[in-house]
Every structure is written in C-alpha cells, then in structure tokens.
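Below you'll find the structure, written out as structure tokens, and then a few comments.
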Amino acid sequence: MALVGAGKLFFCLVLCLLSSHSHSQGKEDILEFRYPFIKRASSFSSSSPPSSSSSPPSGGNNNAAYDYIIVGGGTAGCPLAATLSQNFSVLLLERGGVPFSNANVSFLRNFHIALADTSPTSASQAFVSTDGVINARARVLGGGSCINAGFYTRASSSFIEKMGWDAKLVEESYPWVEKQIVHRPKLAPWQRAVRDSLLDVGVSPFNGFTYDHIYGTKIGGTIFDRFGRRHTAAELLASANPQKLTVLVHATVQNIVFQKTRKQPKAVGVIFKDEKGDQHQALLVNRPGSEIILSCGAIGTPQMLLLSGIGPKAELEKLNIPVVLDNKFVGKGMADNPMNAIFVPTNRPVEQSLIQTVGITKKGVYIETSSGFGQSNDSIHCHHGIMSAEIGQLSTIPPKQRTPEAIRAYIKSKKNLPHEAFRGGFILEKIANPISTGKLRLNNTNVDDNPFVTFNYFKHPYDLQRCVAGIRLATRIVQSQHVTNYTKCNKETLEKILGMSARANVNLVPRHANDTKSIEQFCKDTVITIWHYHGGCRVGKVVSPEYNVLGIHGLRVVDGSIFNESPGTNPQATVMMMGRYMGMKILRDRLGREAGI
C-alpha cells in the first residue's frame, strides 16, 4: 500500500510539473518532432519592422509573406489552417500556448481546474458580461475545444440549410474531424439514470448513440477518449502540410494593417506582440486571393475589428482609433444561450461525468447533465461542480455588489461548506436559439483586456417562457424513479428542489423571496452560461454570405461570430467542421477542382 501511495504522489508531482509555467518551454520543445511548425512568437523574423498600425512598410522583401494569415488558432482556426496549408503558405497566430501535456487541459478530471485558473497564462480567460454572468474565453491553441465539456454533436439539417452551406461538402467535412479526435463515450451510471428519466418524462424516442441533431433522447460523441484524455482542435494540425504551415503561439495580434490606396481598404498584414512583449509585423504575399482571416471567436473577432478601425465611427473616435470603415453593426447581435441548473444531491458516491446524455425537445429546450465534480478534497476549495463561480459559471451579480470585501466573504463562507453538500449531479436546462440579443463594445484599446459584453438574458418574454418549461421538465427528471433509485434520495417537491438548487448555485446575487415559488424568478436569479455565445459579425451586416468583411478587401471571418444561432445542442462540432469546410471552399474557389483535396 505504501508503494501505491508513493506512486500516486509521484504521479501528482509529475502532473504539477507539467502544468507549471516554468516548464512550458520544455513542453513545447518536446513537441517539435510531432508539430515542427509550432514555434514561439519570439522566433518570428519580420520582413521589416512595424512602421504604423494603419499602413504597410514601403520597403522590405516577401520572404516572410504568406498567402493566408489566420488570427486565432482555435476551434475553427486550426482545421482552417491545416486545410489551406495543403496548397498555400499559412501563418497561424495564437495568443495562448499549447494544450499538449497541460494536465489541466488534457484530463477530464481536471475540467473544472482549467476554468478556475485565473493566471495570465491560463488556457481560460474569465470575463463578466454587463448582465453580471461570469463567462470564459479560450486562450490556448485549440481554443474552446481545450476548456469545454467535450460533447460532440452535429448541427440540425435546418441550420445547415439556413447557413446556405453545400450539404455535400458539409457531409465530407464533419467526418474529417470525427476520424481524428472524436470518440464514443463509455456511458457513466449517472448519465444512464438521466437517459432513462428523460424517456420516462416523454423526451422520446431514444435515438441511441448518434452525432445527429434529432428530437428525442440520445448519447452524443465526445472529444475525451476512454482514458479521460481530451483531444482538441489543435490535433487537427497534424493533417497540415508542415512545409507550408507556420504556427506561432504566444502571438497576440494588436491590429490589422491596411493599404488605403484602393477604392476599398485592403488588409495586407497584422501587427502582433510576442511573449517577451516585442512587436512584429507579418504581411500577406502580394498576389490575388491572399487574405487575412479572423478566427478569434465571438468575443475576439468583433474586438479585433474594432481595434483595427472597423466599427461604429463615434465609438472608435472616442478611443482615438483611426477609422478605416464606419460600420455600426460590428459587435451588435451578440447572443448567449441562457442556462439554468437543478442540483441533485445523492447518498452515494457519483462518478465524474461531463455531457454524454442529451434531451432535444420540441419546446426549444435542451436538457444535459454532469456529475461528480464536487467530491475531491482539494477541489472543494476551488469549485462546486459544473456550477462553480471559479469555473466561470457564477449567476448574475450586480456590478456594485462585486466588491473585494464581498468576494473575500464569499470565499471564506465557501471554504466552510461541508464537502458532502456538493456530492451529486446537475440537470442542465438550456434555451435553444434565444431571441434576446445584446452587444459588444471596447473597454479600451488593450487587446489583452476583455471588451464590455451584454447578452440581455431573458429580455424577450419567449426566452423566459421556454426557461419555465425547461425547469418544469428538469424537476420532473429529478423526481423520476430512475433518478431517485440511483441517488437513494426521497422524491422532493418542486419548491424544495428549486430551493436546493438556488443554494447550491452559490453566488452573490441578492435572492428574491419568491425565487423558489416563481419559476420565472428562479430563471432570472440563477441564470448562468455554458459558453455558447455567438454573433457580433452577422452575415449581411458585417460580413457577406462568403464571410468577407463588407467594404474591406482581403479580410474574412470564419468563426462563431457570424452565427445567428448556436448550432446543435453544443456548437464545437460545427465550428470545427466550418474550419474544414471553409478551407475546402476557399481552395476550390481559388484553384477549381484541381485543388486535389
């Protein structure tokens, strides 16, 4: 037994060393043989030093020029870069580091820890919307696929149709992703109990294991393998042409460089800083078809356009940003799918599980579930399962209430909570296609700082109406015999279930006296996020149907900021597919069928 204990201690020490910042250089060096094109940003040699933020240098050679510069090595950016590199030179710039060998990213058991890490080098960057909901942005190669719950499911056929995508190319692009990083989950006992309960309460039929988005109850795919190891969009770079791809990590793009001698401004390069704080300029090769492509995500892409002078003129001038193009729609139409949760206590140990079972209803409500993230003694001080403030899921907090004293008091009271209080699971209820929308605007001109984002959760009464229906459904699941048999707990009343959930979702929100009697109030008081925000660069407003930025030559957007709605129950599958799809489409449009892929 002593040897076993010593082995566990040694393994924990190894994981700590792997995840420490001081060893990040060594990790990246080890990866050179597998991903020889991934380099630190400081290794970049500019064709010439940056001359200004708005125009390219007059001299310099084209040795460091690229056919495509992709800003953002995330869920869309990685498959896009891998695909375009088959025929053209590509520079992929990612502000974060690599996910490989980062224990907080790589292992399912550490899902909550990666999101709890608020250090400057964390793979997750927290932000608080003006609604008061704490959220998270990815800051790592592989993007959101490195910090999400791993669930993989395709978009509905109606979504594909509304996007105007070529159905045949879509059907070729999804499997390209799936063959490389997607797995069939081993169904956890908790997930099995919720599956049976969903069927019991009428979310039918049972569609078995499928990637497809169809009404009823199903088991979806996952990017966690049978050992609980995460496989991210960064691994799709293994399909790239290593001779034509350069990936720079810790490369934070400051703004896009434009040439203004044409009728329309032309994007010709970007300025970025490396991990040492030094600035570099990367340029496009001077030939037709070369493009800057923004894949910074639904927060990062509108922010980048604004920082580069594309957006509402008055807002840009207020921050002394030179106006390249006046477009009042940049940052507008932001949306996030509101989520609420029902806490389910148990009288037995619960295996850790993330999303595996999903209920897709015709009421515009999705039901998902997680379990067992409150059991380890070390984690109770940094999270409360999937509902923790420290993992980016704190409910609405009025800004004036977010004082350092209040936060310290919250942390102190939280540490005194009994460990057993958070043993159990959560039934997660999410609104599909919210009608309520908001906006994004700059906080300042520092790209490292989060912009101001407003989602206006439940502003439209139909969104609130659907939440009420979803909470009623979720409580019926908690009361079902399959769940009570599994938890070994008594069947409780609706009011008591809501009361437990309101207390479990620990936050600083002033509670209303009727939040356990009024489901409408419960929805408003306990709204959280599952990170499926989208919009800000909508088609017809900011980009064309081909996702070219309107009024700008040589600039395109490929990420979730173009969406009017979040695809499927969880968007990552479609965002990765879109990276592959758009890469294929760009190659075919540019080269014809001779593209050869």
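Position 1 is the first residue of the sequence; numbering continues from there. Quantities reported herein were computed from a predicted structural model and do not represent experimental measurements. Every heavy atom of this structure was used, including side-chain atoms; hydrogens, water molecules and symmetry mates were not.
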For the [atom1] atom of [X] and the [atom2] atom of [Y], what is their distance to the nearest 0.5 Å?
{"X": "Asp212", "Y": "Tyr174", "atom1": "CG", "atom2": "OH", "answer": "9.5 Å"}
{"X": "Gln86", "Y": "Ser239", "atom1": "CD", "atom2": "OG", "answer": "7.5 Å"}
{"X": "Ile586", "Y": "Leu84", "atom1": "CD1", "atom2": "CG", "answer": "5.0 Å"}
{"X": "Met582", "Y": "Leu169", "atom1": "CE", "atom2": "CG", "answer": "9.5 Å"}
{"X": "Leu141", "Y": "Leu92", "atom1": "CG", "atom2": "CG", "answer": "6.5 Å"}
{"X": "Ile256", "Y": "Ile310", "atom1": "CD1", "atom2": "CD1", "answer": "5.5 Å"}

The side-chain hydrogen bond (donor to acceptor under 3.5 Å, both in side chains) partner of Arg230 among Thr222, Asn148, Asp225 is Asn148

Should [X] and [Y] count as an ion pair when the cut-off is N to O under 4.0 Å?
{"X": "Lys162", "Y": "Glu565", "answer": "yes"}
{"X": "Glu172", "Y": "Arg580", "answer": "no"}
{"X": "Asp274", "Y": "Lys39", "answer": "no"}
{"X": "Asp463", "Y": "Lys459", "answer": "no"}
{"X": "Glu178", "Y": "Arg154", "answer": "yes"}
{"X": "Glu291", "Y": "Arg556", "answer": "yes"}

Quick one, Arg441 with Gln303, criterion side-chain hydrogen bond (donor to acceptor under 3.5 Å, both in side chains). Give me CA distance, side-chain angles, the key distance, then yes/no.
CA-CA 7 Å; Arg441 60 186 177 86; Gln303 180 186 25; over 6 Å; no

[X] side chain to [Y] backbone, donor-acceptor under 3.5 Å:
{"X": "Asn110", "Y": "Ala103", "answer": "yes"}
{"X": "Glu546", "Y": "Asn548", "answer": "no"}
{"X": "Arg95", "Y": "Val253", "answer": "no"}
{"X": "Gln180", "Y": "Trp176", "answer": "yes"}
{"X": "Gln191", "Y": "Thr369", "answer": "yes"}
{"X": "Ser89", "Y": "Tyr66", "answer": "no"}

Would you say [Y] and [X] are linked by a side-chain donor-acceptor pair, where the criterion is simply a distance under 3.5 Å?
{"X": "Ser295", "Y": "Asp559", "value": "no"}
{"X": "Ser85", "Y": "Asn241", "value": "no"}
{"X": "Thr75", "Y": "Ser145", "value": "no"}
{"X": "Ser158", "Y": "Ser156", "value": "yes"}
{"X": "Lys430", "Y": "His532", "value": "yes"}
{"X": "Thr454", "Y": "Asn456", "value": "no"}

Under the 6.0 Å and 45° cation-pi test, does Arg109 pair with Phe107?
yes

Candidate pair Thr357 and Glu368, rule side-chain hydrogen bond (donor to acceptor under 3.5 Å, both in side chains), full reasoning
CA-CA 6 Å; Thr357 298; Glu368 302 180 353; over 6 Å; no

Before giving the answer on side-chain hydrogen bond (donor to acceptor under 3.5 Å, both in side chains), spell out for Tyr457 and Ser129 the whole-Å C-alpha distance, their side-chain angles and the decisive distance to 0.1 Å.
CA-CA 10 Å; Tyr457 298 104; Ser129 70; 4.8 Å; no

Of the options Ile360, Val203, Asn207, which is the one that meets Tyr215 in a side chain to side chain contact (heavy atoms under 4.5 Å, CB included)?
Ile360

Picking from Ile562, Thr437, Asn337, Asp336, what satisfies side chain to side chain contact (heavy atoms under 4.5 Å, CB included) with His534?
Asn337

Validation row, ring centre Phe44 to ring centre Phe272 under 6.0 Å
yes

Under 30°, 30 to 60°, or over 60°: which ring-plane class applies to Tyr35 and Phe100, parallel, tilted or perpendicular?
parallel

Parallel under 30°, tilted from 30 to 60°, perpendicular over 60°: which one fits the rings of His460 and Tyr462?
perpendicular

Pair Phe127-Tyr533, ring-ring contact (aromatic ring centres under 6.0 Å, His included): steps then yes or no:
CA-CA 12 Å; Phe127 71 94; Tyr533 47 83; 5.7 Å; yes

List the steps and the verdict of side-chain hydrogen bond (donor to acceptor under 3.5 Å, both in side chains) for Lys218 and Thr153.
CA-CA 10 Å; Lys218 73 168 197 170; Thr153 180; 2.5 Å; yes

Please indicate whether Lys332 has more than 12 foreign heavy atoms, meaning atoms of other residues, nucleotides or ligands, lying under 6.0 Å from its NZ.
yes

Does NZ in Lys186 sit with more than 12 non-hydrogen atoms of other residues, nucleotides or ligands closer than 6.0 Å?
no

Test ring-ring contact (aromatic ring centres under 6.0 Å, His included) applied to His213 and Phe151, Phe159, Tyr366, Tyr152, the passing residue:
Tyr366

How close do Ala188 and Gln356 get, counting heavy atoms only, and between which atoms?
N-OE1, 3.0 Å

